[in-house]
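Everything numeric here is computed off the predicted structure, so don't read it as measured data. Computed over heavy atoms, backbone and side chain alike; hydrogens, waters and symmetry mates excluded. Whatever order the structure lists them in is the order used to number ligands and atoms, beginning at 1.
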Amino acid sequence: MNDLDTLVESARQRFATAHTPAELENAKAQFVGKSGRLTELMKGMAQLSPEDKRTRGAAINAAKQAVEAALAQRRQALADAELEQHLKAEALDVTLPGRQHGRGGLHPVTLTMERIEGIFGSMGFDVADGPEIETDWFSFTSLNNPPNHPARSMQDTFYIDGTSADGLPLNLRPHTSPMQVRYAHAHIRKYGNGFDPRSGQLYGGPMPDIRVIAPGRTYRVDSDATHSPMFHQCEGLWLGENVSFKDLKVVFTAFCKTFFENDDLVLRFRPSFFPFTEPSAEIDIQFPSGPLAGRWLEVSGSGQVHPNVVRNMGLDPECYIGFAFGMGPDRLTMLRYGVNDLRLFFDGDIRFLSQFQ
Ligand code: DAH
């Protein structure tokens, strides 16, 4: 082997020990770089005769080409290895079973809400939705609960900084009752009925009864096994020219029996107080059998809509009369499914929630 063959061979070996492109480029510099060994050999040809220069030059060129070929080969090998590694790392086993997506389902309280809407819907009630950030006027004043009235403290209200566009204090509604007044306003506007609050003069023609439920989220400063700062209520209102407490009893009894799928359920209307109803009653139910048998369980507040509230709706209390109720869908859900801690509904634990699918 002459010196050039040796050089080519050592270049090959050197390249073979380079395991990254950077290492390979370093190794290359030792042979073909500015001060590489081949470059040095070229420089050394200066003293040779023209004849020797030609043969030596050709031999060095051939060696250079051999080194470059070895270099290109090694580059390709490194690139192939890298690709191979990538492919291995990203390997996809198409025979693996697919990732399962849970089917999901509705939250138990949502199931209750839909059930309530279905039952009242079948009795001709509209379903309405309203704001959770409410003004002081709708949450309290319109409901015959004036500023500084002690009944306001029945609800530990969350107040909000700032005021509404018309300068009224804001709160997170502590009950769905404001929807009674909001819905009545919308209904009256729709049918062009009502009276002028200044002159008291009536206008408009006959108007269909106001018959609505308003389910939704409500908020109070309250938290334990049976209270959550966010909870649900469903308001109900039936107002017309001839709607009585008897209608409340009939409607609510039909609702409870249908909701709990139990015709032997017993209801009790227990006298109570709410500023927006007169008379007022708590509605209790009793199951004839089962784990809760024999206990009176409170499910709703109710009563005959107070004349002041009817007036705030924009209607003449001499002409319009009716009932309202406000029940707790969370509690109804607990009773229906036998759940004893309200907080389970809001923890989002899939082991609990999946039992309702
Ligand atoms: N708003 C009452 C509460 O949150 C519940 C209630 C009671 C609503 C009587 C009514 C009603 O509509 O007539 O405690």
Side-chain angles (χ1 to χ4, degrees), residues 116 120 125-128 130-132 134-146 149-158 171-184 187 209-222 226-240 243-253 255-256 267-285 297-310 312-313 315 317 320-332 342:
I116 294 172
F120 278 102
F125 281 71
D126 193 7
V127 179
E132 289 168 31
E134 197 41 286
T135 67
D136 203 59
W137 192 81
F138 277 109
S139 282
F140 299 114
T141 313
S142 72
L143 295 165
N144 195 35
N145 203 336
H149 191 283
R152 280 205 188 198
S153 60
M154 283 167 82
Q155 289 137 353
D156 293 306
T157 308
F158 286 108
N171 53 58
L172 290 179
R173 64 177 181 189
H175 52 182
T176 44
S177 302
M179 281 306 294
Q180 289 186 33
V181 183
R182 283 190 178 276
Y183 185 86
H187 186 85
D209 285 3
I210 296 173
R211 198 155 38 176
V212 66
I213 58 163
R217 277 184 284 269
T218 44
Y219 304 84
R220 284 183 207 179
V221 186
D222 219 347
T226 52
H227 296 90
S228 148
M230 189 287 300
F231 59 106
H232 299 87
Q233 280 198 346
C234 181
E235 198 73 12
L237 173 69
W238 185 353
L239 205 70
V243 182
S244 72
F245 213 93
K246 179 192 72 187
D247 296 305
L248 165 65
K249 287 191 158 184
V250 169
V251 164
F252 212 87
T253 302
F255 164 72
C256 288
L267 278 81
R268 170 173 89 173
F269 289 74
R270 177 165 45 88
S272 183
F273 170 78
F274 297 101
F276 28 88
T277 43
E278 180 59 39
S280 306
E282 298 283 358
I283 307 175
D284 301 333
I285 60 169
L297 308 157
E298 187 182 312
V299 291
S300 185
S302 67
Q304 186 170 301
V305 182
H306 195 287
N308 287 346
V309 178
V310 176
N312 286 330
M313 289 171 176
L315 293 170
Y320 286 92
I321 189 167
F323 65 80
F325 57 82
M327 58 183 164
D330 304 325
R331 179 149 169 80
L332 291 181
L342 175 71

List ligand 1 atoms under 4.0 Å from [X], heavy atoms only on the residue side.
X    : result
Q233 : 3 (C), 4 (O)
Q180 : 12 (O)
S177 : 1 (N), 8 (C)
E235 : 8 (C), 10 (C), 12 (O)
R220 : 3 (C), 4 (O), 14 (O)
F276 : 1 (N), 2 (C), 6 (C), 7 (C), 8 (C), 9 (C), 10 (C), 11 (C)
F325 : 8 (C), 10 (C), 11 (C), 12 (O), 13 (O)
G303 : 13 (O)

- Query: Does ligand 1 have any atom that is closer than 4.0 Å to a heavy atom of H306?
  - Reply: no
Between the main-chain N or O of [Y] and the side-chain N or O of [X], is there a donor-acceptor pair closer than 3.5 Å?
X    : Y    : value
S272 : S280 : no
N144 : P275 : yes
D330 : H232 : yes

- Is the cationic atom of R182 (NZ for Lys, CZ for Arg) positioned less than 6.0 Å from the six-membered ring centroid of F138 and within 45 degrees of its normal?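 The answer is yes, since R182 meets both limits relative to F138.
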Is there a nitrogen or oxygen of [X] sitting under 3.5 Å from a nitrogen or oxygen of ligand 1?
X    : result
F274 : no
T277 : no
A324 : yes

- T176 to E235 - nearest heavy-atom pair and separation: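 Taking every non-hydrogen atom into account, OG1-OE1, 2.8 Å.
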- Message: Testing the basics here: between L237 and F125, what is the closest heavy-atom pair and its distance to 0.1 Å?
- Response: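 For L237 and F125, the tightest heavy-atom pair comes out as O-CE2, 3.7 Å.
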- Message: Under 4.0 Å between a side-chain nitrogen and a carboxylate oxygen: does that hold for R331 and E298?
- Response: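 The answer is no: the pair does not qualify as a salt bridge.
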- Which part of F323 is near ligand 1, with near meaning a heavy atom under 4.0 Å away: side chain, backbone, both or neither? neither
- Query: Looking at the rings of F120 and F255, which for Trp means the six-membered one, are their centres under 6.0 Å apart?
  - Reply: yes
- What is the ring orientation for F252 with F325, classed by angle as parallel under 30°, tilted 30 to 60°, or perpendicular over 60°?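 Perpendicular.
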- Would you mind finding which of E278, H175, Q304, M179 brings a heavy atom closest to atom 1 (N) of ligand 1? H175
